[in-house]
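One structure is given below, encoded as structure tokens.
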Amino acid sequence: MSLLLAALVATLFAVGVYLLLDRSLVRIVLGLTLIAYGANLLLVLAGGGPGEAPFVFADRGTEDFADPLPQALALTAIVISFGLTVFLLALAYRSSVLTGDDAVENDLEDRRIARLRRETDLDLDELTDELDALEQHEPASRERGS
Amino acid sequence: MSALLALPVAIPLAGAAVAVIASRRVTIQRVVSVGGVAGALGAAVAVLVAVERDGVIATQLGGWPAPAGITLVADLFAALVLVVGLATVLAVLVFAIGQPGCDDESAAFHPVFLVMTAGVAMAFLTGDLFNLFVAFEVTLTASYVLITHGGSAPQVRTGMTYVVINLVASLLFVSAVAFVYAATGTVNLADLAGRMDAIDPNLRSALAVLFLVVFGIKAAIFPLFFWLPDSYPTAPSPVTAVFAGLLTKVGVYAIVRSDTLLFPGALPEGLLLVVASLTMVVGVLGAIAQDDMKRILSFHIVSQIGYMILGLGLFTVAGLAGAILFIVHQVPVKASLFLVGGIVEHSAGSTALSRVGGLVRRIPVAAVLFLLAAGSLAGIPPLSGFVGKLALVEAGFDAGRFAVVAVSLAVSLLTLFSMVKIWNGVFWGVPEEPTPQLAGSVGRLPTPPLMQLAAGALVALTVAIAVWSGPLYQLCTDAAATLVEPGPYLEAVLP
């Protein structure tokens, strides 16, 4: 595996993870796509260097063949990640229809614990504001705490 | 013989295709769906009988010899988990048909459910690392659809977390497969087992940890479990039941398979035992803090995963046998608890402990089923959980790991406490702020007999596991022996 391509894979993973840490689902999808590129490139690189196309002819040996297996694996992985990207985009669209944006919201449990802390009169003004903003998306009927 | 191994995967897939064609007729879909899962279960039982009689059996798909082709292989471990898994799927499917508004609202339910069944069966039977990835993806893609099935706001919110976490794990899986292929030049599990010795031990340890992370996210072990208690409870009850019973166990299965076949001794000493203890403790403490039946049960999924990892961490025949027995008992128990949760939700309109109460008079059958399943989960003798935990505790003593045994016993006690909390909150007492159904302002809904029948069948399965625990433990010991000494497995795949 050449150093340049290894660095490219690392960059794709790094940028992908950075985007993944965002709250907006569209950015998360972009991040996942980049990581998927990195992973697929890694699969292809795992097969070793380039070579002849692996077609078997009577007058040609098989020594110079490129390894076809990782390419087949990468193709499968590409198809899967394509399908799931489309599904995630549909989910983002559904979320924007329901709540007006595509932000991935906090875990219910995290918010419940945050509220418990608020009830014990800790100084959590910022958190409170954030919670209120979040709760506008979440009808109060589903909040069961306290 | 050779076609038999493909049937548990092929029958549900074919059923899914027929169910898509019959998408306008829910009756036909139901018949096809039940027939497909029952057919797969029949094939799985045939596989178990064949494996028990002849030892490990393997099939090369398309006739390409291993390691070039894709291998399907069943040893006792795979066959046992497959049978109990498909039996649970069948019961949950009957429950879903019985529950009003679950499978008849959308034509997608049955095809997707069948695809998920096929994916689970393939994950148990595959003998190829990349095919395992494909099986995971088939299962997960179907589960993404099921978990967001209703399309309501909370489902979309939790579905996002679930999908993104699992996608990240899948991409890590692809990367790990790439590293393995670069290091060894093969993705066939049996072939890999032979070649792993040749590579640098440090590289081997790194790969082992990478796979532990990948499968650990799917299995929800500490510290990778955080997505589970939030995403499972929002789905419809039958969906949660089959996820709880099976999907995490597919992850556990993959951990056991990879750590026994590919990386024996490659993980740092004691790592799995520490992970197991923390998974048990954090899971059960999380459960105690909850006040909703489905959320309590979701945290217990995490906690119980710890016991399975404990058996693997001991890495003795007795420990692995205990782990296998525990998986076999846990699949139906967990699913039946969630099915009872579904009956409670159907009858009382909620599963929040503060909003329901006194249901023992309203749904006495479900109350009895809950008692049996909850007692089994907590490990009360003579129920099935007791047998599984006894096997693990004995194995722990034999291996001299007293600390982790003590942790597991303490967690059992806390599990019992938490089950009593559900019993008091749901089946006894009076609700603090009753739901409209309990306050009498809405007409009373009878519980469809099919729902009770399905939950009852699952509980009967767990009782059967307890009754025949002797022969079953013997089977599990044989299965564990093949895991520790994989000679027969390798011979069957690479003759």
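Numbered from 1 within each chain, the chains take letters A, B, ... in sequence-line order.
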Report which part of [X] has an atom under 4.5 Å of a heavy atom belonging to chain B: side chain, backbone, both, or neither.
X: A/L73; answer: both
X: A/L88; answer: side chain
X: A/I28; answer: side chain
X: A/I80; answer: side chain

Under a 4.5 Å heavy-atom cut-off, does chain A meet the side chain of [X], its backbone, both or neither?
X: B/F130; result: side chain
X: B/T148; result: side chain
X: B/S231; result: neither
X: B/V180; result: neither
X: B/V145; result: both

Any side-chain heavy atom of A/L20 sitting closer than 4.5 Å to one from A/I35?
yes
Non-hydrogen side-chain atoms of B/V120 and B/L247 separated by less than 4.5 Å:
yes
More than 12 heavy atoms of other groups within 6.0 Å of B/R195 CZ:
yes
Crowding at OH, A/Y93 (>12 non-hydrogen neighbours, <6.0 Å)
no
Quick one: which of A/G16, A/A36, A/G38, A/A74 has the most heavy-atom pairs under 4.5 Å with chain B, could you say?
A/A36
Run through B/T139, B/V163, B/V112 and flag the one making a side-chain contact (heavy atoms from CB on, under 4.5 Å) with B/Y144.
B/V163
Would you say the ring centers of B/F133 and B/F136 fall short of 6.0 Å from each other?
no
With the threshold set at 4.0 Å, does a side-chain nitrogen-carboxylate oxygen contact exist between B/D230 and B/R295?
yes
